[in-house]
Amino acid sequence: MLYYLKLIIKYFSSFFKLRTVEAVITYPILKSKTFSSIKKSKKFQNTKGVRDYVIEKFHDSAIDFYEFGVHRGDSISKFSKRLTNIQNTFTGFDSFEGLPNVYNHPSLKKGYFSTEGQLPKIDDKRVKFIKGFFNTKKKEIIEELDKSKNTKLIHFDSDIYSSTLYVLFILDNYAPYYAIFDQFGGDEARALYSYLVSTDKKTEILATSYEDNFSISPGVTFMRIY
Ligand SMILES: C[S@@+](CC[C@H](N)C(=O)[O-])C[C@H]1O[C@@H](n2cnc3c(N)ncnc32)[C@H](O)[C@@H]1O
């Protein structure tokens, strides 16, 4: 059954944008009671709109920003440039060897996003990186989270279900925290759903952007997990 479903997804994803296919699969989850707060959340037309909203919210407070999925450091660099409080910290976790096993993902492959071990160069003492697959860096991730004294803002940008879910469970003891999911229309939403239904945690979705004209597939989505 699952085999045929995957074949169908593969077939359709060659005709339609993958995001659209993912959105259709994820639609029932996004419409579930678990994510009902999405209805009341602020809607923006693009990533910039949501990011501006987040920057505005945290502009005057001290935050500890943790990014799971750094790649070349584009987003962590943008956030660190705009969140200028000297007490802020920015910690990025990535293998820098690309994705781990993706388990039949219709478009992504193991090793995709590799920077061949190169870490981004960001000239800001508040920014640091920890290299390694998340499951091999559990101790280091916990050490970094334990140091946190400020409001925690987590940027989930590892793209795949398994990586997102792993990090959500590590963060379980650190709720409440704020979270940004970079692509909430697919794997990331399904991972959050699996986490929420396995724990007593909840989410309040505060802002989102849509990737399509029919408001089906959420892109960057900002929320509080508590
Ligand atoms: C979409 S890219 C991140 C994009 C980045 N935030 C930016 O600003 O361009 C996804 C990243 O997640 C990383 N990643 C995914 N799963 C991982 C895991 N389990 N352990 C370590 N890194 C992982 C990949 O290596 C990749 O660099």
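Numbers here simply count residues along the sequence, with the first being 1. Both counts, for ligands and for their atoms, begin at 1 and track the order of listing.
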Salt-bridge present (Glu143, Lys147; N to O < 4.0 Å): no
Please tabulate, for the side chains in residues 93-101, all donor-acceptor contacts under 3.5 angstrom to protein atoms that are two or more places apart in sequence or on a different chain.
unit_1	atom_1	unit_2	atom_2	d
Asp94	OD1	Phe96	N	2.7
Asp94	OD2	Val70	N	2.7
Asp94	OD2	His71	N	3.0
Ser95	OG	Glu97	N	2.9
Ser95	OG	Gly98	N	3.1
Ser95	OG	Gly98	O	2.7
Glu97	OE2	Lys131	NZ	3.3
Asn101	OD1	Tyr103	N	3.1

Enumerate the residue pairs fulfilling side chain to side chain donor-acceptor pair (under 3.5 Å) with a member in residues 111-124, sequence neighbours excluded, ordered by first and then second residue. Asp124-Arg126
Expected contact list for ligand 1 at under 4.0 angstrom, heavy-atom basis, is Glu67, Gly69, Val70, His71, Asp74, Ser75, Asp94, Ser95, Gly98, Leu99, Pro100, Phe113, Gly132, Phe133, Phe134, Asp157, Ser158, Asp159, Ser163
Inspect the surroundings of NZ in Lys43 and state if more than 12 heavy atoms from other residues, nucleotides or ligands are less than 6.0 Å away. yes
Residues, nucleotides or ligands: over 12 heavy atoms within 6.0 Å of Tyr193 OH: no
Only distances under 3.5 Å count here; give the side-chain donor-acceptor pairs of residues 162-172 to other protein atoms, sequence neighbours excluded, each with its distance to 0.1 Å.
unit_1	atom_1	unit_2	atom_2	d
Thr164	OG1	Ser158	OG	3.4
Thr164	OG1	Ile160	O	2.8
Asp172	OD1	Tyr195	OH	2.4
Asp172	OD1	Lys201	NZ	3.2

